[in-house]
Amino acid sequence: MCAIGSHLEHATNSWSSASGTVQLALLFTAAWVLLAICFARPRAPESGAASLPQHPFFNIWQFYRRRFDFINSGFRVTGKPVFQFSLLQHRVVALSGESGRTAFFNSKSLDLHEGFKVLLGAIPIVPGVTSDLHSQRISLIHKRLASLQRNESLTQLIPAILEDCRRIMSSWESSGTMDPFDKIYDVVFQTTIRSLSSADIADDASLVARLKKLYGRLDSGTTPASVLMPWLPSPAMIKKLWATKEVYQIVTRAIKTRLESGISRNDTLQMLLDAGDDHMAIVGFIMGLLIAGSRSTGTTASWLITFIGGHPDWRTKVIAELNDILPSSPPLGPPRNLSTRLATIPLETWESSTPVLDSLIRETLRVAQPHTAMRKNTGPDMYVDNTVVPTGAFVVYPFSDVHLNPAMYPAPRKFDPSRKTDEKSAFGYLGWGAGNHICQGQRLARLSLKLIASMFLLGFDYEVVDQTGKPPNPFPLPDWNDILTCRPMAGSCYLKYERTDNPL
Ligand code: HEM
């Protein structure tokens with residue numbers, strides 16, 4: 001194993017092999033250190049912004065488990081558009097309002113990657129291993145992501161994504177009830193692996209299932225302890241390290257196998273190898289982007305299909321739009337299946353001639369994307385609404401400040417794809433982010449959403465039901481406190497479906 005792999009090996013093995021007494025002693029020491037840190041002052045100086053009245057200890061659980069409620073109540077309790085709170089030794093400043101978001105999205109000193117690394121910590125930072133994913137490699141990752149989204153590459157991806165949809169959707173019973181947040185997410189995970197990694201991995205269903213499980217562990221291991229105290233050998237942290245190590249091994253094995261085979265395949269891994277990238281850069285690209293891409297696309301696809309199911313007028317419109325661009329089977333010869341027919345639609349048509357799908361995606365991202373953008377102020381100090389945000393402080397901006405703001409979007413929880421984005425305010429729509437850090441995978445994500453939704457809409461009749469099989473009343477609402485999947489209340493949302501006459 002190379003030096004990089006052995007870093008991960010060492011980190012995980014040393015904890016597992018320690019005796020029970022040693023583990024207990026370590027945890028005891030860690031508990032003391034934890035208490036000391038809880039009562040320590042944050043490293044960044046006071047920002048001058050209003051502070052929350054509660055003890056800082058309570059911030060931790062609320063920020064990681066009920067972020068939407070926590071941030072909203074901060075603005076309410078302080079009565080200010082800017083307030084501050086601490087997360088252990090970190091000072092965090094929350095912004096709202098037009099001047100807050102203008103400063104946030106325009107500032108060059110607010111660093112997205114530092115913010116996510118410390119406050120989100122999806123992948124554990126292992127010195128010399130994943131730390132590189134977050135700093136030196138980022139501009140290379142963006143460059144390669146741009147290559148992957150050139151016309152020729154996306155055109156080649158269309159039939160592959162549709163074939164993945166066909167294979168997975170055909171494996172479902174021909175009628176039944178499904179949880180869209182599981183089943184549609186399965187499809188998205190598969191197509192994300194197809195788009196961002198290697199055909200060898202994507203063709204191996206058991207490997208894809210394993211990766212999905214490992215990424216699930218990375219998500220569930222993202223606890224306050226594992227994020228804020230990554231040095232603490234908590235069970236969640238160990239779980240995350242093991243998962244990272246295994247993902248790392250799967251990706252490096254795919255690289256090695258490809259190189260040893262001497263066979264060139266038409267996929268993203270090949271594009272990265274042909275560009276001469278070193279193995280760490282390739283591992284960084286695949287591991288990092290699978291995190292960035294699969295959850296957000298999965299959540300959006302699940303909600304998109306759910307909302308369409310609950311709005312028959314929009315369903316009729318979108319199906320009419322798809323039937324307009326869908327070529328029919330040739331009159332002579334065997335009928336072609338749906339995936340093959342959809343695959344003949346040119347990229348340009350998908351991108352420029354599907355306004356109904358565009359509106360549906362735009363509104364889904366407004367209503368069901370509980371994102372809080374996070375940055376670190378790398379200096380100098382900045383001023384927002386006459387309040388200093390000191391160098392070294394973390395800064396957060398919740399998208400709900402725009403997307404659920406009744407002054408910008410009346411009846412904001414209502415799903416209404418006919419509404420326009422707010423053009424009067426600066427940064428009045430944030431579906432794909434804004435400013436310096438706007439989504440770099442937007443083109444691929446949009447295309448994937450359209451392909452997956454089309455296969456489902458034309459391949460299945462369906463309605464949204466609750467756990468009793470009846471139409472839900474009220475219609476399920478995205479839970480903005482569920483920061484990863486935005487899932488509705490348990491038991492409130494299923495799809496009762498049946499295959500249409502269109503063979504998949
Ligand atoms: C529906 C799916 C997606 C949504 C809604 C979405 C949304 C976003 C948003 C809101 C941001 C800005 C985050 C912030 O300001 O804090 C962002 C950034 C980013 N997204 Fe996406 N994204 C999606 C899919 C993808 C995919 C598939 C990829 C990769 C293939 C990707 C790659 C990225 C990257 C690399 C950034 C960071 C840009 C930077 O470093 O400046 N996204 N995305």
Side-chain angles (χ1 to χ4, degrees), residues 67 95 101 104-108 110-117 119-120 122-123 133-150 153-154 157 161 184-185 188-197 215 268 271-272 284-305 357-358 360-376 394-403 427 429-453 478 483-486:
R67 188 169 299 161
L95 306 181
R101 68 176 170 276
F104 186 91
F105 288 114
N106 281 338
S107 168
K108 291 209 165 39
L110 294 186
D111 185 317
L112 173 138
H113 303 282
E114 279 300 308
F116 274 107
K117 192 161 79 183
L119 298 186
L120 194 68
I123 297 184
L133 302 185
H134 293 268
S135 52
Q136 303 146 359
R137 312 275 179 191
I138 287 163
S139 60
L140 186 68
I141 288 180
H142 287 182
K143 198 165 150 201
R144 298 288 178 252
L145 189 48
S147 306
L148 165 65
Q149 294 174 100
R150 288 205 194 109
S153 310
L154 289 181
L157 264 178
I161 289 178
I184 303 294
Y185 180 62
V188 171
F189 193 80
Q190 168 69 41
T191 61
T192 310
I193 296 272
R194 171 79 57 200
S195 313
L196 297 175
S197 71
Y215 273 91
T268 297
M271 181 266 282
L272 299 170
F285 182 95
I286 295 176
M287 281 175 75
L289 290 186
L290 282 179
I291 288 254
S294 61
R295 267 289 170 220
S296 41
T297 316
T299 299
T300 312
S302 308
W303 270 115
L304 174 68
I305 287 171
L357 266 174
D358 286 327
L360 288 160
I361 293 172
R362 188 181 63 225
E363 182 68 348
T364 302
L365 288 181
R366 187 188 67 76
V367 190
Q369 192 193 177
H371 187 62
T372 296
M374 300 177 187
R375 311 280 191 265
K376 184 175 187 180
F394 291 89
V395 191
V396 297
Y397 180 77
F399 281 16
S400 55
D401 186 51
V402 163
H403 289 172
F427 300 111
Y429 177 77
L430 298 172
W432 301 98
N436 300 327
H437 293 295
I438 196 152
C439 180
Q440 303 279 320
Q442 188 182 150
R443 208 175 164 200
L444 171 65
R446 268 180 197 281
L447 178 66
S448 308
L449 287 171
K450 288 182 179 181
L451 297 175
I452 294 165
I483 50 176
L484 285 175
T485 53
C486 206

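Start at 1 and go down the list; that is how both ligands and their atoms are numbered. In this chain, residues are counted from 1 in sequence order.
- For R443, no heavy-atom contact with ligand 1 is shorter than 4.0 Å.
- The line from CD1 of I452 to CD1 of I184 is 8.0 Å long, rounded to the nearest 0.5 Å.
- With a heavy-atom cut-off of 4.0 Å, I138 does not touch ligand 1 at all.
- In this structure, CD in E363 is found 8.0 Å from OH in Y429, a value given to the nearest 0.5 Å.
- Once rounded to the nearest 0.5 Å, the distance linking CG of L289 with OG of S197 reads 11.0 Å.
- Considering OG of S195 and CG of L148, their distance stands at 7.0 Å, rounded to 0.5 Å.
- Contacts between T300 and ligand 1 below 4.0 angstrom, taking non-hydrogen atoms only, involve the side chain exclusively.
- Among the atoms of Q369, none of the N or O lies under 3.5 angstrom from an N or O of ligand 1.
- Considering only non-hydrogen protein atoms, atom 15 (O) of ligand 1 sits nearest to R375 NH2, 2.9 Å.
- Residue contacts with ligand 1: H113 is placed with a nitrogen or oxygen under 3.5 Å of a nitrogen or oxygen of the ligand (distance criterion only).
- For L365, every heavy-atom contact with ligand 1 shorter than 4.0 Å involves the side chain, none the backbone.
- Within the 4.0 Å heavy-atom criterion, the part of L112 lying near ligand 1 is the side chain and not the backbone.
- Considering I291, I193, T192 in turn, I291 is the only one that fulfils the side chain to side chain contact (heavy atoms under 4.5 Å, CB included) rule with Y215.
- In this comparison of M374, H371, H142, H437, the heavy atom closest to atom 16 (O) of ligand 1 sits on H371.
- The list of side chain to side chain donor-acceptor pair (under 3.5 Å) pairs with a residue in residues 437-449, not counting sequence neighbours, reads N151-R443, E351-R443, Q442-R446.
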For residues 297-305, which side-chain N or O atoms pair as donor and acceptor with protein atoms under 3.5 Å away, sequence neighbours left out?
from, atom 1, to, atom 2, distance (Å)
T297, OG1, G293, O, 2.6
T299, OG1, R295, O, 3.0
T299, OG1, L484, O, 3.1
T300, OG1, S296, O, 2.6
S302, OG, P180, O, 3.4
S302, OG, G298, O, 2.7
W303, NE1, C486, O, 2.9

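- Shown here are the side chain to side chain contact (heavy atoms under 4.5 Å, CB included) partners of A434, two or more places apart in sequence or in another chain: F105, F427, L430.
- Between R67 atom CZ and T372 atom OG1 the span is 5.5 Å, to the nearest 0.5 Å.
- Proximity of R375 to D111: side-chain heavy atoms (C-beta onward) are nowhere separated by under 4.5 Å.
- Within the protein, the number of N, O or S atoms lying under 2.8 Å from atom 21 (Fe) of ligand 1 is 1.
- Counting heavy atoms under 4.0 Å from ligand 1, residue T192 does not touch it at all.
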